[in-house]
Amino acid sequence: MVKPKTEEEIELLRINGDLVSRTLAEVGKMVAPGVTTAKLNEVAETFIRDHGAIPSFKGFEGFPAALCMSVNDVVVHGFPSERPLEEGDIVSVDCGTLYKGYNGDSAYTFPVGEVDAETRRLMDVTKASLYKGIEAAVAGNRTGDIGYAVQSYAESFGFSVVRELEGHGLGKEMHEDPGVPNYGRRGHGARLLSGMVICIEPMICAGGRGVYLAKNGWAVHTSDHKNAAHYELTVVIRNGRAEQLSTFDYIEKDGSIKF
Ligand code: MG
Ligand code: MG
């Protein structure tokens, strides 16, 4: 049984959500051909620590970095590396923070320079599918309603949905119940209750939905090596709707960067 969060807990999760959102924007300002994901990781870790928080991914089950950096056919959980980003790449940046015992968790897929039209469409559809999922995240609905909303939208564009990974509850733990799949049937799955805090994070593939785990035990690749995109926001369910605790506004409305 999932216990709804108290107002105090929601406030701490909101502070974390704000910090991960601002960290992603700091990273986004630097995404460009020639920059290494290792450098972006370093900047993010410094930014998080300068705000009195801890990068929660670092050391989590042995993960070596502050950010997951997943380039092109890597869906999620890529390691930052010394390989410079190239024009036309896309990079999913997933960021987690721990502040006052609570977690933040959000992700954004950035284009590196100009990307081709199909890749742009993959990114746009994946992000829009996340907002479709958020619209379905109302008290009384079930996780299957979120999954259905994401899946039906993404698939209507001919894209496919990764099934091996899913969204999750968020609180003192980085991954709490309920699991929030990005596919599903309306009216099925865990009941959504007012006060629940969840992360919704569609992982959408340009080609088939098959994935495999890299030899390092972390990076999840598409089996056909076509691109995948990944966006994640944290929301609290209340007052008949999902209220965002994290945001892409710092990335998209700041004005200094255009995505
Ligand atoms: Mg995440
Ligand atoms: Mg997550």
Side-chain angles (χ1 to χ4, degrees), residues 2 5 12-28 37 40-41 44-45 47-48 53-71 74-80 90-99 102-110 123 126-127 129-131 133-134 137 143 146-147 150 161-183 190 192 196-204 211 218-220 228-237 242 244-248 250-251:
V2 179
K5 300 289 188 290
L12 288 169
L13 288 160
R14 188 192 310 279
I15 292 168
N16 275 282
D18 191 65
L19 182 56
V20 292
S21 303
R22 286 188 288 133
T23 307
L24 289 174
E26 288 302 307
V27 170
T37 50
L40 298 174
N41 178 71
E45 177 161 0
F47 188 81
I48 291 166
I54 292 166
S56 56
F57 294 175
K58 198 172 182 180
F60 179 81
E61 293 179 1
F63 191 81
L67 301 178
C68 297
M69 289 289 201
S70 307
V71 179
V74 181
V75 184
V76 287
H77 303 163
F79 292 175
I90 57 173
V91 55
S92 154
V93 181
D94 198 343
C95 177
T97 58
L98 184 70
Y99 178 73
Y102 285 80
N103 281 275
D105 185 10
S106 289
Y108 196 91
T109 299
F110 296 94
M123 296 167 69
T126 305
K127 191 168 61 176
S129 77
L130 165 57
Y131 290 118
I134 289 174
T143 52
I146 298 174
V150 171
V161 177
V162 173
R163 308 220 175 170
E164 286 78 358
L165 298 138
E166 62 186 15
H168 49 88
L170 188 75
K172 285 184 176 164
E173 301 297 328
M174 197 192 302
H175 298 124
E176 298 187 353
D177 286 338
V180 184
N182 296 302
Y183 67 97
L192 302 173
M196 260 186 193
V197 173
I198 57 171
C199 293
I200 304 176
E201 49 179 316
M203 289 154 257
I204 307 296
V211 293
W218 279 98
V220 176
H230 173 221
Y231 293 82
E232 175 179 21
L233 288 168
T234 305
V235 301
V236 58
I237 294 162
Q244 284 181 221
L245 298 180
S246 64
T247 176
F248 299 145
Y250 297 116
I251 297 169

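Counting convention: from 1, in listed order, for ligands and their atoms alike. Below, each value reflects all heavy atoms present in this structure, side chains not excepted, and no hydrogens, waters or symmetry copies.
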**Q** Check whether Tyr231 reaches the backbone of Thr109 with its side chain - one donor and one acceptor, N or O, closer than 3.5 Å.
**A**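 Yes.
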**Q** Among the N/O/S atoms of Asp94, select the one at the shortest distance from the Mg ion (ligand 1) and name it.
**A**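 Per the distance ranking, Asp94 contributes OD1 as its closest N/O/S atom to the Mg ion (ligand 1).
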**Q** Given side chains that start at C-beta, do those of Tyr102 and Lys172 come closer than 4.5 Å, heavy atoms only?
**A**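 Yes. Closest side-chain heavy atoms under 4.5 Å.
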**Q** How are the rings of Phe79 and Trp218 set to each other: parallel, tilted or perpendicular (split at 30° and 60°)?
**A**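 Judged by the thresholds at 30° and 60°, the geometry between Phe79 and Trp218 is tilted.
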**Q** Do any N/O/S atoms of Cys199 come under 2.8 Å of the Mg ion (ligand 2)?
**A**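 Of the N, O and S atoms in Cys199, none lies under 2.8 Å from the Mg ion (ligand 2), which means no.
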**Q** With a 4.5 Å heavy-atom cut-off, do Val20 and Ile48 have their side chains touching?
**A**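 No, their side chains stay 4.5 Å or more apart.
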**Q** For Glu201, what is the atom name of its N, O or S atom nearest to the Mg ion (ligand 2)?
**A**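 Nearest N/O/S atom of Glu201: OE2.
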**Q** Would you say the Mg ion (ligand 2) has Asp105 as a near neighbour, meaning an N/O/S atom of that residue under 2.8 Å away?
**A**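 For Asp105, the answer is yes, given that an N, O or S atom comes within less than 2.8 Å of the Mg ion (ligand 2).
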**Q** For Glu164, does the CD atom have more than 12 heavy-atom neighbours from other residues, nucleotides or ligands under 6.0 Å away?
**A**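 More than 12 heavy atoms, drawn from other residues, nucleotides or ligands, come within 6.0 Å of this atom.
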**Q** Check Glu232 and report its N/O/S atom nearest to the Mg ion (ligand 2), by atom name.
**A**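 Minimum-distance N/O/S atom of Glu232 relative to the Mg ion (ligand 2) is OE2.
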